[in-house]
Number of protein chains: 2
Amino acid sequence: MKEGRQRAILRILGRNKVRNQEELLEYLRNEGIVATQATVSRDLAQMNIVKLRDENSGSSFFSVPSNFLHVIPDANKSVSGIVSVEISGQICVIKTSPGYANMVGAVIDSKCSGHSMGTIAGDDTLLVMLRQNIVLEDFINNLEQTIPGISSKYI
Amino acid sequence: MKEGRQRAILRILGRNKVRNQEELLEYLRNEGIVATQATVSRDLAQMNIVKLRDENSGSSFFSVPSNFLHVIPDANKSVSGIVSVEISGQICVIKTSPGYANMVGAVIDSKCSGHSMGTIAGDDTLLVMLRQNIVLEDFINNLEQTIPGISSKYI
DNA sequence: TATATGCTTTTATATTTATGCATTATATGC
DNA sequence: GCATATAATGCATAAATATAAAAGCATATA
């Protein structure tokens with residue numbers, strides 16, 4: 001019960017700007033999950049979710065801390081030299097085995113140009129600068145298809 | 001009036017974990033600044049200050065966004081090769097003496113991994129990519145302890 | 001001087017979020 | 001299965017935050 005609801009909350013907050021807990025309840029109801037405000041209040045506290053402010057509108061909305069959104073390399077089929085993938089704001093950082101960052105960067109430059117403004121590679125760290133209005137999930141899907149051996153999941 | 005109060009708020013929030021607006025009003029009163037809850041509510045909105053959750057206690061407290069914070073090298077005791085530190089959004093740029101950026105990057109990789117997703121170094125410029133939803137004050141404290149010779153100040 | 005204009009602030013109140021307590025569900029040991 | 005412990009939930013309400021409306025105050029303007 002709780003676990004499924006919290007997973008749903010992550011999904012919902014990842015896709016929508018939710019401005020208060022009543023609104024979140026509605027989204028949940030649309031998925032067939034019924035709960036009360038008190039319950040989601042506790043969920044949010046437990047998940048460390050916070051309310052941030054929209055720079056422009058000034059209105060506030062819930063935000064999932066990054067440690068709940070991980071893109072992890074799939075150990076079974078990892079042939080790409082990728083160690084980890086992490087996203088924060090418009091920045092995606094990909095850690096690779098030593099010497100691999102440039103190669104991965106080249107791949108992303110050619111295959112993810114719709115999502116990426118560009119990349120800069122060190123030796124084992126690749127910086128991908130994401131475009132402003134992309135849908136993060138699309139980029140992740142793109143990554144998954146482009147670079148065999150990584151998969152994303154929530155939590 | 002307003003400007004001085006907001007400056008005080010930055011100072012107070014940088015040094016203390018303030019848990020609600022009434023508490024903030026008390027801190028202000030201790031500095032001889034009298035205002036009402038409604039006023040600081042607007043101040044916080046205007047300054048984009050948000051409430052985060054303490055990882056351990058679960059209780060929440062106000063946090064100042066990056067564009068109000070500056071970290072500067074302390075000229076008196078600067079022995080680390082660091083020239084300047086500046087933060088914008090999720091990006092921290094550290095300028096160093098020529099050739100030092102890599103070294104500083106390695107230090108940060110090992111000592112600040114909780115706050116940093118990764119670093120990329122040029123010759124005299126180091127880019128530190130910060131995780132989402134970190135408490136910036138914590139990162140800066142960490143930096144100060146990790147790299148002797150820098151100190152931070154508010155605005 | 002009187003009037004208008006654009007903030008800032010307060011007061012009063014609405015909205016939003018958190019929480020104590022009782023209840024129900026779920027797990028654990030016998 | 002039954003008893004008991006533990007956790008999850010809802011209800012009612014308290015606490016915290018935001019906001020509408022009015023008042024204050026400085027500056028500009030006729």
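Chain letters run A, B, ... following the sequence lines, proteins first and then strands; every chain starts at 1.
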| said: Over all strands shown, is B:Ala45 touching base, sugar-phosphate only, or nothing at heavy-atom distances under 4.0 angstrom? | reply: nothing
| Over how many whole Å does the gap from A:Gln21 atom CD to D:dA18 atom P extend? | 13 Å
| remark: note: A:Leu44, atom CG; D:dA8, atom P; distance rounded to Å ~ 15 Å
| remark: By the Watson-Crick or G-U definition, both distances under 3.5 Å, D:dT27 is matched with C:dA4
| What do the steps show when you test B:Glu22 against B:Gln37 for side-chain hydrogen bond (donor to acceptor under 3.5 Å, both in side chains), and what is the final call? | CA-CA 7 Å; B:Glu22 290 298 333; B:Gln37 178 268 325; over 6 Å; no
| remark: So the contacted stretch of DNA chain C, first to last nucleotide with an atom under 4.0 Å from a non-hydrogen atom of chain B, runs from C:dT8 to C:dA18
| said: Can you see whether B:Thr96 engages B:Asp124 through a side-chain donor-acceptor pair at a distance of less than 3.5 angstrom? | reply: no
| request: Check the pair B:Arg5, B:Asp43 against salt bridge (charged side-chain N to carboxylate O under 4.0 Å, His left out), reporting the backbone distance first and the verdict last. | output: CA-CA 9 Å; B:Arg5 187 183 56 242; B:Asp43 284 337; 2.5 Å; yes
| message | So which atom in A:Phe61 and which in A:Arg53 form the shortest heavy-atom distance, rounded to 0.1 Å? | response | CE2-C, 3.8 Å
| Rounded distance (Å) that lies between atom C1' of D:dA18 and atom CD of A:Glu22 | 16 Å
| query | Quick one: which of D:dG10, D:dT9, D:dA18 gets closest to the side chain of A:Lys2? | reply | D:dT9
| task | Select one nucleotide: of D:dA12, D:dA18, D:dT19, the one nearest the side-chain heavy atoms of A:Ala38. | result | D:dA12
| request: Rounded off to whole Å, could you give me the CZ-to-P distance for the A:Arg5 and D:dG10 pair? | output: 7 Å
Could you tabulate the donor-acceptor pairs under 3.5 Å formed by side-chain atoms of residues 111-118 of chain B, not counting sequence neighbours?
residue, atom, partner, partner atom, Å
B:His115, ND1, B:Asn142, ND2, 3.4
B:Ser116, OG, B:Gly118, N, 3.0
B:Ser116, OG, B:Gly118, O, 3.3

| Whole-Å gap separating C1' (D:dA16) and CZ (B:Arg53) | 13 Å
| query | Taking atom P of D:dA8 as reference, at what distance in whole Å does atom CD of A:Glu3 sit? | reply | 11 Å
| task | Could you tell me whether B:Arg19 atom CZ has more than 12 heavy atoms of other residues or ligands within 6.0 Å of it? | result | no
| said: Going by the rule side chain to side chain contact (heavy atoms under 4.5 Å, CB included), which residues pair with B:Arg42 if we only count those two or more places apart in sequence or in a different chain? | reply: B:Ala38
| query | Taking CZ from A:Arg19 and P from D:dA18, how many angstroms apart are they, rounded to a whole number? | reply | 14 Å
| query | Mapping A:Thr39 and B:Met1 onto DNA chain C by nearest heavy atom, which one lands closer to the 5' end? | reply | B:Met1
| request: Please give the nucleotide sitting opposite C:dC30 as a Watson-Crick or G-U wobble pair, both distances under 3.5 Å, or none. | output: D:dG1
| field | Rounded interatomic separation in angstrom, taking CG from B:Leu24 and P from D:dA16 | value | 13 Å
